[in-house]
Amino acid sequence: MKRALLALAMALGLPGTGHAETFTLPPFTQAYEPQGVDERGAWMMADEQERLLRSSKFVIRDDGLNHYVRGVFCRTVGQDRCANVRIYVMRMPEFNATMYPNGMMTVWSGLLLRVQSEAELGAVLGHEFGHFEKRHGVFGFKNKRTMSDVMAWIGVAAPQSAGFQYSLLGQVYAFNREQEREADMVGVQYLAASDYPSSAAARVWRRLMAEQDASASARGRKAKHGYAAGYFASHPSELSRATTLEAAAVRYGDEGDEGRAAYAQALRDWLPEFLGDQIKRNDFGGSDFILDQLASDGWTGLLLFARAELYSQRGNPRDYVTAAQFYEQAIEKGYAAPKALRGLGLAQLRTQQTEQGKASLRQYLQQSPDASDASLISSLIGN
């Protein structure tokens, strides 16, 4: 219903849709075939990448998770458009999703960890589909090839014109940034036409900026965000994107259920794995920020355990004291995995709580007598 009403408002030119002509979605063809040598070549390369991806160990082959992610995508762009896309969920802890010219999309686990609702996930997936629908992959390939040919010719005919070559290279990146802006607008338009609120799109980038700030602060660096992207940046700045998407959402003025509870339920079984992958990235500030965001409705045993692991991994002397406290709180909250006792015992030993540490490790061995590290732990407690 919301999709139909928005389409009608756009067609009638009602207030709040004056930007519709600029961001009109391209005609959709269910059985689209690549046109021209460049596009057919790009599709062939993407087909080969997809063939290799199918056997990749990084692909998550959980039918439930894959079905859920696809469902969010289809509810965002519509059942007719989503039918042409194959989605591969990847066990990759970075924030990323990628659309290929042949209709293949990869969604990384780091993205799933960071977004907090179906609407936010839909915003990113709709953006990626915008690249496909606008044929950005092919146009980008043509643009780069043209610029490469021109620069090669200039290098032969006018080898002293380095400044002109520099300018041409900058135009390639500017072209990429413009494609990203266009895909952002397509994505937010899909959200506005769906049952999800378009306001969710900007929050993705606001939260990503906050994570970057936390990461920089923990490493003693200065946080910095600007409206202008660098000369050789392939994407607009996060601040520019967030501001533009917020303005677009205000113009749409749409509402809807973000699907926060459904999203949390869908990720419940994979959340421990995704958190473990994130902590291994050795980004204390960013990881602590993500945990804080996930704990906005309260600290669970799992989140407390993950935070204990984070402090234990950093390994400053004072961190082990903090880690031991978080392990204890996780256990009190009902986190029953034996590795919590293992972490607690090791943290206690490192903070000179020898007897308490040995007692915790004995409990660990009682619960996991066949653990791969059982002999090592036994040596620590003198068994």
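Quantities reported herein were computed from a predicted structural model and do not represent experimental measurements.
A donor atom on one side chain and an acceptor atom on the other are found under 3.5 Å apart for Gln278 and Arg114. Counting only N and O atoms by type, the side chains of His131 and Glu180 include a donor and acceptor under 3.5 Å apart. There is no side-chain donor-acceptor pair under 3.5 Å between Tyr68 and Asp62.
Heavy atoms only, all atoms of each residue included: Glu120 and Ala200 are closest at CG-O, 3.8 Å. When all heavy atoms of Ser215 and Asp283 are compared, the closest pair comes out as OG-OD1, 2.8 Å. Here the closest non-hydrogen pair linking Gly298 and Leu303 is O-CD1, 4.2 Å. Closest non-hydrogen pair, Arg206 versus Ala242, comes out as NE-CB, 3.6 Å. Looking at every heavy atom in both residues, Val124 comes nearest to Ala97 through CG1-CB, 4.1 Å. Smallest separation of non-hydrogen atoms from Ser109 and Pro93: OG-N, 3.8 Å.
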Problem - Worked check of side-chain contact (heavy atoms from CB on, under 4.5 Å) between Glu211 and Gln293 - result: CA-CA 10 Å; Glu211 180 187 336; Gln293 294 296 300; over 6 Å; no

Exercise for the section: Could you walk me through whether Asp277 and Leu113 pass side-chain contact (heavy atoms from CB on, under 4.5 Å), step by step? Expected result: CA-CA 10 Å; Asp277 292 344; Leu113 179 64; over 6 Å; no

Practice task
Applying side-chain contact (heavy atoms from CB on, under 4.5 Å), run through Gln189 and Tyr252 and close with a yes or a no.
Solution key: CA-CA 8 Å; Gln189 191 173 28; Tyr252 281 120; 3.1 Å; yes

Exercise for the section: Could you walk me through whether Gln348 and Lys358 pass side-chain contact (heavy atoms from CB on, under 4.5 Å), step by step? Expected result: CA-CA 8 Å; Gln348 289 170 328; Lys358 289 183 177 181; over 6 Å; no

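Checked for salt-bridge contact, Arg307 and Asp292 meet the test: a charged N lies under 4.0 Å from a carboxylate O.
Residues Pro197 and Glu255 are not in side-chain contact: their nearest non-hydrogen atoms beyond the backbone lie 4.5 Å or more apart. With a 4.5 Å cut-off on side-chain heavy atoms, Met99 and Val85 count as touching. Using a 4.5 Å heavy-atom threshold, the side chains of Trp205 and Thr243 count as separate.
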Sequence neighbours left out, cut at 3.5 Å: what donor-acceptor pairs do the side chains of residues 320-341 make with other protein atoms?
from   : atom 1 : to     : atom 2 : distance (Å)
Thr322 : OG1    : Arg318 : O      : 3.4
Tyr327 : OH     : Glu309 : OE2    : 2.4

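Atom CD1 of Ile279 sits about 11.5 Å away from atom OH of Tyr311, to the nearest 0.5 Å.
In this structure, Phe132 and Phe129 have tilted ring planes: the angle between them lies in the 30° to 60° band.
In the hydrophobic cluster analysis, where Ile, Leu, Val, Met, Phe, Trp and Tyr join through side-chain heavy atoms closer than 4.5 angstrom, Met104 is grouped together with Val59. In the hydrophobic clustering of ILVMFWY residues, with side-chain heavy atoms under 4.5 Å counting as a link, Leu65 and Leu53 come out apart. Under a hydrophobic clustering in which Ile, Leu, Val, Met, Phe, Trp and Tyr are joined whenever their side-chain heavy atoms come within less than 4.5 Å, directly or via other members, Leu112 and Met92 fall into different clusters. Linking ILVMFWY side-chain heavy atoms closer than 4.5 Å, directly or via other members, places Val186 and Tyr100 in two distinct hydrophobic clusters. Taken together through direct or relayed side-chain contacts under 4.5 Å among Ile, Leu, Val, Met, Phe, Trp and Tyr, Ile87 and Met90 form parts of separate hydrophobic clusters.
Between the side chain of Thr244 and the main chain of Arg241, no donor-acceptor pair closer than 3.5 Å is present.
Of the candidates Leu125, Leu191, Leu121, Leu191 is the only one forming a side-chain contact (heavy atoms from CB on, under 4.5 Å) with Thr76. Screening Glu258, Arg75, Arg260 for a side-chain contact (heavy atoms from CB on, under 4.5 Å) involving Glu118 leaves a single residue, Arg75.
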